[in-house]
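Computation of the quantities below employed the complete heavy-atom set of this structure, encompassing side-chain atoms and omitting hydrogens, waters and symmetry-equivalent molecules. To find a chain, count down the sequence lines: A is the first, B the second, and so on, and within it residues start at 1.
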2 protein chains.
Amino acid sequence: MGQPTLYEVADRAGVSLATASRVLNGSTRTVGEALRLRVMAAAQELHYSANGPAQAMARGHNNTVGLIVSDIADPYFTQIAAGVIEAAEKAGLVVTMGTTGGEPDRELDHLGGFRSQRANGVVIVGSRRHGDRIEPLADHLASYGQHGGRVVLVSQPVGEIPCVEVDNRKLAAELARALVDQGHREFAVLAGPTDLVTSRDRLTGFRNGLRSRQQAVPAENVVHGAFTRAGGHASMTALLGRNRSPGCVFAVNDVMALGAMAAIEEAGLQVGRDVPIAGFDDIPTLADVRPTLSTVRVPLREAGHEAVRLLTEPGGGHVVLSGEVVLRDSTARTD
Amino acid sequence: MGQPTLYEVADRAGVSLATASRVLNGSTRTVGEALRLRVMAAAQELHYSANGPAQAMARGHNNTVGLIVSDIADPYFTQIAAGVIEAAEKAGLVVTMGTTGGEPDRELDHLGGFRSQRANGVVIVGSRRHGDRIEPLADHLASYGQHGGRVVLVSQPVGEIPCVEVDNRKLAAELARALVDQGHREFAVLAGPTDLVTSRDRLTGFRNGLRSRQQAVPAENVVHGAFTRAGGHASMTALLGRNRSPGCVFAVNDVMALGAMAAIEEAGLQVGRDVPIAGFDDIPTLADVRPTLSTVRVPLREAGHEAVRLLTEPGGGHVVLSGEVVLRDSTARTD
DNA sequence: GGTGTGTTGGAAAGCGCTTGCCCAAACTGT
DNA sequence: ACAGTTTGGGCAAGCGCTTTCCAACACACC
């Protein structure tokens, strides 16, 4: 049979339900010391544990934040998730999580689920697509917002919804300039999916950066593909098929760069010397990869913290995080 | 304001609460086609979304499984978590997650939290310690179980509680024999924390395997340290400080092996040729590490699936998963 | 026509908790 | 000593839903 209820605790302590509630589950009202102790003792003896759903119902909200990511096994999401969880636990919130596998529909499903759970808020760290696919999400968000639900997006601004973003364009531009300054003159880009906001921004920023140094990347050297390691591998293989020395390669994220490095080696070429390459994100995995990969360090964990902050603090907001270009061996010029 | 309630839906459809409930939230009772449609339409128009906590309260349980891991950023836990989430979503369950940072107390905190959430079950994937630290957990588990809570442990058997385990001893022994068969004769072990069940088992298994081939690892070559990349790095550095060629190194998990590899390079030595090394787990990161690391492939994701299966299926169980030794370059003999 | 059987709708009793409200007792100040 | 103000306790009304029980009705059968 079931767990002890507050009523039983109150009974055993010889006080009213109200008093027991005030003692055990926080309240502005104070309770006399003697009764307080009696209630605590009773709760102890009975191994009382508050019924969360009941509290949630009575109070009208859970202490829960929903987190939606596309793939929990991808280090990029993992880092952000870790940040969210850290911050949430610090704020006394419980995190419930859903994965989408990149399908926008599943995003909506989970949003609906969290909504019906009456989560305090939802963090969507996203693979938001460009174009009309936004509409359904925006609608849901609006309706959720009207009913008091708070949502924070990570790296995928949609309308006026609070969002924490990375300054992808600026950083990609900085990376481009740094590479030119290192002496690179020919470029290729493994650009991810055409409709993903993040990859578009990074591509655009990279191009802008090159332009400001009077350089450019030829259209045939921009290869689109999945935003994953496999995607990077495939894109790089395709690129090498056309051109064994495509110049300095920019992969719009690190996992793609990793896949590309594997492809380069499989083609019998050497990363860095034959094919310089840079990534983006500075995921922790890079610590163990040789040659060390040039990239842009992005404060992913911090992004998670900020997302929770935005969720818990009143008033919306739009946080833009910056990062830092990190040049390592994979783009070093040896000549 | 606030979200629409079932009552409002019923009202708008001109039926009773009971009927609306039966239509919208599943029931054994059938409802006449005409009313059914009316209710569905009303729900649609109102954007009705069931109130989860209220349902949970009325029904007495959530469709939730709690997941406790020590560090979500560690690829080992990440893989298991991914497996749990996949399986849970398939079973229509929502996963709520907590991290412990390796502190047993936090494990209890989260268990309490999930218990009060009335989660259907809890998966604890663990860094269970050896010795008396088990008691409090076991107590809580027992009390939780008595009240109908289901718990599944991953890789940390405690009493009769359902558990999915990896056959660490057997696999470590196989690895040891494989290394001997490759021609290695001197060994060292980066053995992780002394009191962690998993590291103990792997160490013991490895020793047993060596013994069956008339080999052994000298006591001074067994270095204990944290179960993390940093721990592996530190342990390896210590080992090299005493002995520049310790023989073939077995790190009890891959992340430690990665840290050790970095330490080896920092010491100006070459992984494989100067210091052969093997890990355990076969985390995905290994795909991008050179030289490729010999290890033991463990079906981590599957462990997650099994955990959920054990949770949802009636009757306990104890699943032992096996794995496979994978020899790669880091232990190849070149002479 | 009377009785039995099945089906469908509704009334209402909870589920375990929070909280607004009222009231008695213990204070304060003058 | 008396009104005016805290203070601390209890009552009871919900919160939104599920589910048991009952009523109504339709149909069949003897």
DNA chain D: 5'-most and 3'-most nucleotides touching chain A, 4.0 angstrom heavy-atom criterion: D/dG8 to D/dG16

By the salt bridge (charged side-chain N to carboxylate O under 4.0 Å, His left out) test, which pairs, at least two apart or in different chains, include something from residues 139-166 of chain B?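 Every pair satisfying salt bridge (charged side-chain N to carboxylate O under 4.0 Å, His left out) with a residue in residues 139-166 of chain B: there are none.
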
Distance-only, no hydrogens or angles: does the [X] side chain make a donor-acceptor pair with backbone N or O of [Y] under 3.5 Å?
X        : Y       : result
B/Thr78  : B/Ile72 : yes
B/Arg38  : B/Ala13 : yes
B/Asn120 : B/Asn62 : yes
B/Glu107 : B/Ile68 : no

What is the distance, to the nearest angstrom, from the [atom1] atom on [X] to the [atom2] atom on [N]?
X       : N      : atom1 : atom2 : value
A/Arg59 : C/dG20 : CZ    : C1'   : 16 Å
A/Leu24 : C/dT19 : CG    : C1'   : 16 Å
A/His61 : C/dT19 : NE2   : P     : 8 Å
B/Tyr7  : C/dG10 : OH    : C1'   : 13 Å
B/Arg29 : C/dG9  : CZ    : P     : 8 Å
B/Arg22 : C/dT7  : CZ    : P     : 15 Å
B/Leu35 : C/dT7  : CG    : P     : 17 Å
A/Glu8  : C/dC17 : CD    : C1'   : 14 Å

Picking from B/Val69, B/Val125, B/Leu310, what satisfies side-chain contact (heavy atoms from CB on, under 4.5 Å) with B/Val154?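 Between B/Val154 and the candidates, side-chain contact (heavy atoms from CB on, under 4.5 Å) is satisfied uniquely by B/Val125.
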
Angle between the two end axes of the helix from C/dG1-D/dC30 to C/dT30-D/dA1, five base pairs per end, rounded to 10 degrees? 30°

Hey, which sits more toward the 5' end of DNA chain C by its nearest nucleotide, B/Met57 or B/Val15? B/Val15

If you pin B/Tyr48 and A/Gly32 to their nearest nucleotides in DNA chain D, which one's is more 5'?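 Nearest-nucleotide comparison on DNA chain D picks A/Gly32.
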
Using OP1 and OP2 only, check whether a side-chain N or O of [X] sits under 4.0 Å from [N].
X       : N      : result
B/Thr19 : C/dT8  : no
B/Ser16 : C/dA11 : no
A/Asn25 : C/dC17 : no

Are the side chains of B/Ser116 and B/Arg118 in contact, using a 4.5 Å heavy-atom criterion?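 Yes. Closest side-chain heavy atoms under 4.5 Å.
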
If you compare all heavy atoms of A/Val9 against all heavy atoms of A/Val39, which two are closest, and at what distance to 0.1 Å?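 Shortest heavy-atom separation between A/Val9 and A/Val39 comes out as CG1-O, 4.0 Å.
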
Using a heavy-atom cut-off of under 4.0 Å over every strand shown, decide if B/Ser21 touches base, sugar-phosphate, or nothing. base

Set out, in order, the CA-CA distance, both residues' side-chain angles and the distance that settles side chain to side chain contact (heavy atoms under 4.5 Å, CB included) for A/Gln156 and A/Ile124, then state yes or no. CA-CA 9 Å; A/Gln156 52 173 21; A/Ile124 307 181; 3.4 Å; yes

